[in-house]
Amino acid sequence: MELDDLKSDWNTIEPISKSDESLLLMLKENKHPVLKSIRIQIRIEVTAWSLFLIGYYSMFDGVEKPLWVNLTLILAVAMPIFHSLYGYYYNKYLTDDSNIKDALDQLYNRLKKFALFSIISRLGFIYGLLLFFTYAIHFTTTKYILLGFIAVVVSVQLFVLYCVWAKRLSILKNLIKSFSTYK
Amino acid sequence: MESFEKEFLATLSQYNAMIHKLCRLYRDGLEDQEDLFQEIVFQLWKSYPNFKGEAKISTWMYRIALNTAIASFRKKTTPINYSPELPDFAEEQPSDELELRQEKLFAVLKVLDDSEKAIIALYFEELSYQQIAEITGINENYVGVKINRIKTKIKTLLNK
């Protein structure tokens, strides 16, 4: 088998025929599988955090804490929602009609910002919760140990998150290189 | 159906086979290929109002389809490792010879990296070096170099 045979085999491939109705459905944003799953996630997060915010003020003594601590908590719980909204926007406007090399450069920069926001939002979320629940607490040795344990767990989690993003960015960087340089 | 949608679907139908082939090239399972097809159609539709005719419609289509195939989310499935050795198809008994040849074609192409896949797909689609350069953003001479290297790689693979 030669390259020309492969080329002719490539040209024998027939498309799977699709009806106009099914193609029309593919044009709808609410039928897009990835966007649909992000929308469901956002709805769940908004519902869960709305319930939390309705109840926390009396249940977790928000009334006894300063305004800035309460505001920090509200901002912290909004972080995952902002993150999901960012993800929605990122996936909706995935690419454009730039050439592949430029599109990959843009994608790399967008992914880098998204990765940074992902890590910052996770950090902000954890910081907000910890600040609220430890504010004005009387620390004993046991509580310090517990806080130290939480800090270690959170650090490991953030490090794993960082590694995941670094790996994705590195794969993309290598792909950009393969379009740019003579190997 | 609105006339703008009709116009888009008519344009899309001319490139349906190309999109389908790119989906088979860049994704493994049928479900993943179907998701990618939908993603490409969605991205094309979203960009269609901005198509100003500065580039040929084919160039525009190839750019968005390939950009989407390379950039879009891949489901976390068990990775399929394509061996540089060609599989022994005699054991698998596909339904007909054409299917067997197509399976062999994709078994070879899937060994290539994403940039090589893009270039060889455009070469198989019989685009000129200039068109390939416009779509990929690399210069024409380098397109020639890349195609020769891919050809050598494929020949080595076919001769194993």
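Keep in mind the model is a prediction, meaning the values are calculated, not measured. Numbered from 1 within each chain, the chains take letters A, B, ... in sequence-line order.
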Among the listed options A:Leu104, A:Leu111, A:Leu23, the residue most often paired with chain B at heavy-atom distances under 4.5 Å: A:Leu23
Region of B:Gln102 that comes under 4.5 Å of a non-hydrogen atom in chain A: side chain
Engaged part of A:Asp102 at the chain B interface, taking heavy atoms whose separation is under 4.5 Å: neither
Best-contacting candidate, A:Leu27, A:Thr95, A:Ile13, against chain B by heavy atom pairs under 4.5 angstrom: A:Leu27
Test of ring centre spacing under 6.0 Å for A:Phe117 and A:Phe82: no
Cation-aromatic face contact B:Arg63/B:Trp60, 6.0 Å, 45 degrees: no
When B:Ile138, B:Leu12, B:Asn50 are compared by non-hydrogen pairs under 4.5 Å with chain A, the top option: B:Ile138
Side-chain touch B:Lys46/B:Gln43, heavy atoms, less than 4.5 angstrom: yes
Cluster link B:Val145 to B:Leu127, ILVMFWY, side chain under 4.5 Å: yes
Winner by heavy-atom pair count (cut-off under 4.5 Å) against chain A, out of B:Ile154, B:Leu109, B:Leu44, B:Asn67: B:Asn67
Part of B:Glu34 within contact of chain A (heavy atom distance under 4.5 Å): side chain
Residue selection (most heavy-atom pairs with chain B, distance under 4.5 Å) from A:Lys101, A:Glu14, A:His32: A:His32
Under 4.5 Å from a heavy atom of chain A, the part of B:Ala118 involved: side chain
Contacts of type salt bridge (charged side-chain N to carboxylate O under 4.0 Å, His left out), residue B:Glu125, not counting sequence neighbours: B:Lys21
Proximal component of B:Leu98, with respect to chain A [non-hydrogen, under 4.5 Å]: side chain
Geometric cation-pi criterion, A:Lys18 with B:Phe37: 6.0 Å, 45°: yes
Which portion of A:Leu107 sits near chain B, non-hydrogen atoms under 4.5 angstrom: side chain
Within 45° cone and under 6.0 Å: A:Arg110 NZ/CZ vs A:Tyr90 ring: yes
B:Phe8 versus chain A, the contacting section by heavy-atom distance below 4.5 Å: side chain
Pairwise salt bridge (Lys or Arg N to Asp or Glu O under 4.0 Å) hits with a residue in residues 112-127 of chain A, at least two apart: none
